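Take a look at the structure set out below.
When a residue number appears, it is its place in the shown sequence, counting from 1. In what follows, every heavy atom counts, from backbone to side chain, and hydrogens, waters and symmetry copies are set aside. First listed ligand is number 1; within each ligand, the first listed atom is number 1. Bear in mind that the values here come from a model prediction, so they are computed numbers and not experimental data.
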Amino acid sequence: MMPEVYKFGGASIQDADAIRRLGELLTRHDLRPRALVVSAMGKTTNALEALLDAARSDDTHAYRERLEAIRQAHLRTAEALFGADSTTAAALERLLDDLDADHRHCNADYPIHYDRTVGFGELLSTTLVAAWLNEIGIATHWCDARELIITDDHHQAAEVDWTETCRRLVELAGREEGLLLTQGFIGATVEGVTTTLGREGSDFSAAILAHCLDVEGLTIWKDVPGLFNADPRRFDNARQIARLSYGEAVEQAWHGAKVIHPRTLAPLQRKSIPLTVRSFLEPDAVPTRIGPEAGDGDRQPACILRDDQVLLDVTPHDFSFMDDARLGRVLACLAHHGLHANFLECEAMRLRLAIDDEPAKRQALLSDLREEYRLECQAGLTLLTVRHPSDLLLHGLGSGMTIVTEKRTSTIAQRLFPSEECPERWRLP
Ligand code: ADP
Ligand code: ASP
Ligand code: MG
């Protein structure tokens, strides 16, 4: 079996110091992964989304300003690492010129334009990281994920062509001896049109490499020591999980535990490849291990918060049932507009859904449903999902706050609260 695949996210390469720390991590701990998958630096993907908005609304002033900010952030990092006028800076300039040129001539539909634009974040970051690793003596081969991760043309949420992707990755690994370094998040159709795997999709990219290269493990390096039973940034007394099964990890990720992208687990599970979540800030801290067997994390309650939720009540105009056929049509309409029900409850004549607050998508959904249904929306909500809930925990969480709606099954409890009533930091009872 080949050595591991590592994935480094935006925070771990956010500036020159962070990139130096990544290099030190590999050298000081004598780590020898087979491949690295790297995200865009810091919040570059958000900056590229804003750039795209400016380009599509023909706001030239905002566009120039935003492009310049992205340019400066990358060139500053290159200068701090390699000094003035380096070949790396020249390579970044070429990419930034391509990004700009792509915009000037792009009349494509939004999803195609989106993928072409935001993919530059990873192209820029990997150019910097690969150059730095070579500089410090780690022989690194920069690979273009658009020639490796082959997908369909479902832009912004592309599906992987596993056969072709595996063929190309295995061929590359047989040919190149050095450390393979590629972009997370992006791929391309077989015709070479850039696609993306969905926001936060670099974890999934790393799992694709791990699966196709049949490695002995995938390690995702984070700014937290591992997976916790609640987001440690938002819950005072969150506890780290030592071990959990792929299945439980999928459940938590699916309900919105931001630390791992939900699509990451399946490719690993299919080959029983263990996943380690480990801290790049404290590499010696005990990590979380995810694998085929159940662990402590499979039994204990876990809490997941999702902000910016809109509760949508859908009621047929004609006093008819919300039967399976209607339910199917409403959910298909939701999926058609790129929305997903984070909370769902069906009564005889009413469907209640909570969706992410994405106004353009919601308007399109509502206008499709309006003819047949009475629609009521309530925005400004936070969804709390508890896996393996206990009465004690539910009693203590959110006590004294307004519960807009709630539901409970044997494995999860969900509650929607007005966000303005939610505490800055929560406490697990
Ligand atoms: P990356 O950019 O490397 O993909 P993310 O920001 O996506 O990193 O994920 C790391 C963050 O996930 C942490 O900073 C933490 O605040 C958050 N997080 C949310 N839920 C959890 C959880 N259950 N356990 C650990 N971290 C969590
Ligand atoms: N850069 C992409 C994003 O911010 C992918 C990732 O970081 O996983 O969504
Ligand atoms: Mg992430």
Side-chain angles (χ1 to χ4, degrees), residues 6-14 18 22 36-50 52 70 114-115 117-126 129 145 149 156-158 182-187 194-209 218-242 244 248-264 275-282 285 287-288 290 297 300-307 384-388 425-426 428:
Y6 286 178
K7 181 259 173 171
F8 286 94
S12 65
I13 51 150
Q14 64 187 355
L22 190 163
L36 296 191
V37 173
V38 177
S39 303
M41 284 173 71
K43 302 279 176 222
T44 305
T45 308
N46 294 351
L48 285 162
E49 286 184 346
L52 178 67
I70 294 168
Y114 179 97
D115 285 354
T117 306
V118 298
F120 274 93
E122 271 71 8
L123 294 172
L124 291 162
S125 67
T126 50
V129 176
I149 311 290
Q156 297 189 272
T182 195
Q183 306 77 39
F185 184 47
I186 63 174
T194 306
T195 53
T196 61
L197 305 171
R199 284 302 308 264
E200 301 287 332
S202 297
D203 298 338
F204 179 42
S205 304
I208 297 170
L209 261 78
L218 168 62
T219 296
I220 299 189
W221 296 86
K222 295 276 172 181
D223 57 358
V224 283
L227 191 75
F228 283 63
N229 64 345
D231 185 348
R233 285 188 202 283
R234 303 191 63 181
F235 286 79
D236 274 339
N237 46 350
R239 277 201 318 275
Q240 192 180 333
I241 294 166
L244 83 167
E248 184 58 30
V250 171
E251 288 293 341
Q252 296 187 17
W254 168 258
H255 285 294
K258 190 180 162 259
V259 63
I260 310 172
H261 190 283
R263 292 172 88 185
T264 312
L275 169 63
T276 304
V277 182
R278 195 168 166 187
S279 166
F280 60 81
L281 297 171
E282 302 167 66
T288 297
I290 300 168
Q300 60 171 299
C303 296
I304 301 140
L305 290 173
R306 261 184 195 268
D307 295 320
L384 169 72
T385 300
V386 185
R387 283 281 295 166
H388 311 300
R425 292 187 65 82
W426 295 65
L428 294 172

Fill in: Minimum heavy-atom distance Ala18-Ala11, with the two atoms named
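Taking Ala18 first and Ala11 second, the nearest heavy atoms are CB-O, 4.2 Å.
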Discussion item. Quick check: closest heavy atoms across Cys303 and Leu384, and the distance to 0.1 Å?
Written reply: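 Looking at all heavy atoms of both residues, the closest pair is CB-CD1, 4.2 Å.
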Per-atom contacts, ligand 2 versus [X] - under 4.0 Å to a heavy atom:
X      : answer
Arg199 : 3 (C), 4 (O), 9 (O)
Ser39  : 6 (C), 7 (O), 8 (O)
Glu122 : 1 (N), 2 (C), 5 (C)
Thr45  : 1 (N), 2 (C), 3 (C), 4 (O)

Fill in: NZ/NE/NH1/NH2 to OD/OE distance under 4.0 Å, Asp203 and Lys7
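Yes, Asp203 and Lys7 are salt-bridged.
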Please check if the side chain of [X] supplies one atom and the backbone of [Y] the other of a donor-acceptor pair under 3.5 Å.
X      : Y      : value
Arg263 : Leu197 : yes
Glu122 : Ala40  : yes
Ser205 : Phe185 : yes
Thr219 : Tyr6   : no

Worksheet item: Looking at Thr264, Leu227, Thr276, which one forms a side-chain contact (heavy atoms from CB on, under 4.5 Å) with Ile220?
Response: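 With Ile220 as partner, side-chain contact (heavy atoms from CB on, under 4.5 Å) holds for just one option, Thr264.
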Worksheet entry | Option from Leu218, Val277, Ile241, Val250 for which side-chain contact (heavy atoms from CB on, under 4.5 Å) with Ile290 holds |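 One option only clears the test, and that one is Val277.
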Worksheet item: Protein N, O or S atoms less than 2.8 Å from the Mg ion (ligand 3), ignoring waters?
Response: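 Short answer, with waters excluded from the count: Glu200 OE1.
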Discussion item. Quick check: do Thr195 and Ile186 have side-chain heavy atoms less than 4.5 Å from each other?
Written reply: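 Sidechains of Ile186 and Thr195: no contact.
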Worksheet item: At under 4.0 Å between heavy atoms, which part of Ser202 makes contact with ligand 2: side chain, backbone, both or neither?
Response: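 Both backbone and side chain.
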Worksheet item: Cut-off 3.5 Å, side chains only: do Arg425 and Asn237 have a donor facing an acceptor?
Response: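 No donor-acceptor contact under 3.5 Å links the two side chains.
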Worksheet item: Is there a heavy atom in Gly201 that sits closer than 4.0 Å to ligand 2?
Response: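 Yes, Gly201 has heavy atoms under 4.0 Å from ligand 2.
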Fill in: First-shell residues of ligand 1 [heavy atom, distance under 4.0 Å]
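Within 4.0 Å of ligand 1, protein side: Lys7, Gly9, Gly10, Glu200, Lys222, Asp223, Val224, Gly226, Leu227, Phe228, Ala230, Asp231, Pro232, Arg233, Lys258, Val259.
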Discussion item. Working to the nearest 0.5 angstrom, can you tell me the gap between Arg387 CZ and Glu251 CD?
Written reply: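 So the gap between those two atoms works out to 4.0 Å.
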